[in-house]
Amino acid sequence: MAVEVHVEGRVALGRMPEFMEAVQRYSAHAIAHGYAAPRILQGLSGEMNSVRLVYAYEDLAAYERDEARVATDREYGRVAMEMPLVEGTITYRLFRVV
């Protein structure tokens, strides 16, 4: 059963260009280390400066393997923290693909 993880947040005002650069570095790190790289969506309606990162996995086990690996990858955490997302706006949702 394929799954997707959707991580949504709001980029700090005036920092969208910085976010776009940071998310590219983040994606490059993910790809280089064999993690799922997200599809990046920018909201065109609704809350201003909203973004969504969508990760696709073949099944829950693949998702759990990635999560276990990134939990011990300090560089992954450092690169992820460069994205200027507003604290308190980040949500995680796990979906089954039907």
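Note that these values count all heavy atoms, side chains included, but never hydrogens, waters or copies made by symmetry. No experiment lies behind these values; they were computed from the predicted model shown. FYI, the numbering just counts along the sequence from 1.
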If only atom types and distance count, is the side chain of [X] paired as donor or acceptor with the main-chain N or O of [Y] below 3.5 Å?
X: Asp59; Y: Val3; result: no
X: His33; Y: His29; result: yes
X: Ser50; Y: Glu47; result: yes

Is the closest side-chain heavy-atom distance between [X] and [Y] below 4.5 Å?
X: Met16; Y: Val11; result: yes
X: Ile40; Y: Val54; result: no
X: Val5; Y: Phe95; result: no
X: Ile90; Y: Val7; result: yes
X: Met81; Y: Val79; result: no
X: Leu53; Y: Leu41; result: no

For [X] against [Y], the heavy-atom pair lying closest together:
X: Arg69; Y: Gly34; result: NH1-O, 3.6 Å
X: Ile31; Y: Ala37; result: CG1-CB, 3.6 Å
X: Ala56; Y: Glu4; result: CA-CG, 4.4 Å
X: Tyr26; Y: Pro38; result: CE2-CG, 3.8 Å

Legend entry - Euclidean distance, Arg10 CZ relative to Met48 CE, rounded to 0.5 Å: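 Spacing of CE (Met48) from CZ (Arg10) equals 10.0 Å.
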Legend entry - Inter-residue atom distance Met83.CE - Arg15.CZ, 0.5 Å rounding: 12.0 Å
Inset, instruction - Inspect the surroundings of CZ in Arg93 and state if more than 12 heavy atoms from other residues, nucleotides or ligands are less than 6.0 Å away. - result: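 Counting neighbours around CZ of Arg93, 12 or fewer heavy atoms of other residues, nucleotides or ligands fall under 6.0 Å, so no.
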Legend entry - Shared hydrophobic cluster, Phe19 / Val86 (ILVMFWY, side-chain heavy atoms < 4.5 Å): no
Legend entry - Path from Val51 to Met20 over hydrophobic side-chain contacts below 4.5 Å: yes
Legend entry - Which residues share a side-chain contact (heavy atoms from CB on, under 4.5 Å) with Glu64, sequence neighbours left out: none
Legend entry - Validation row, ring centre Tyr92 to ring centre His6 under 6.0 Å: no
Legend entry - Aromatic plane relationship, Tyr57 with Tyr63 - under 30° parallel, 30 to 60° tilted, over 60° perpendicular: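 The rings of Tyr63 and Tyr57 stand perpendicular, inter-plane angle above 60°.
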Inset, instruction - On the 0 to 90° scale, with breaks at 30° and 60°, tag the Tyr35-Tyr76 ring pair as parallel, tilted or perpendicular. - result: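 Plane angle over 60°, so perpendicular.
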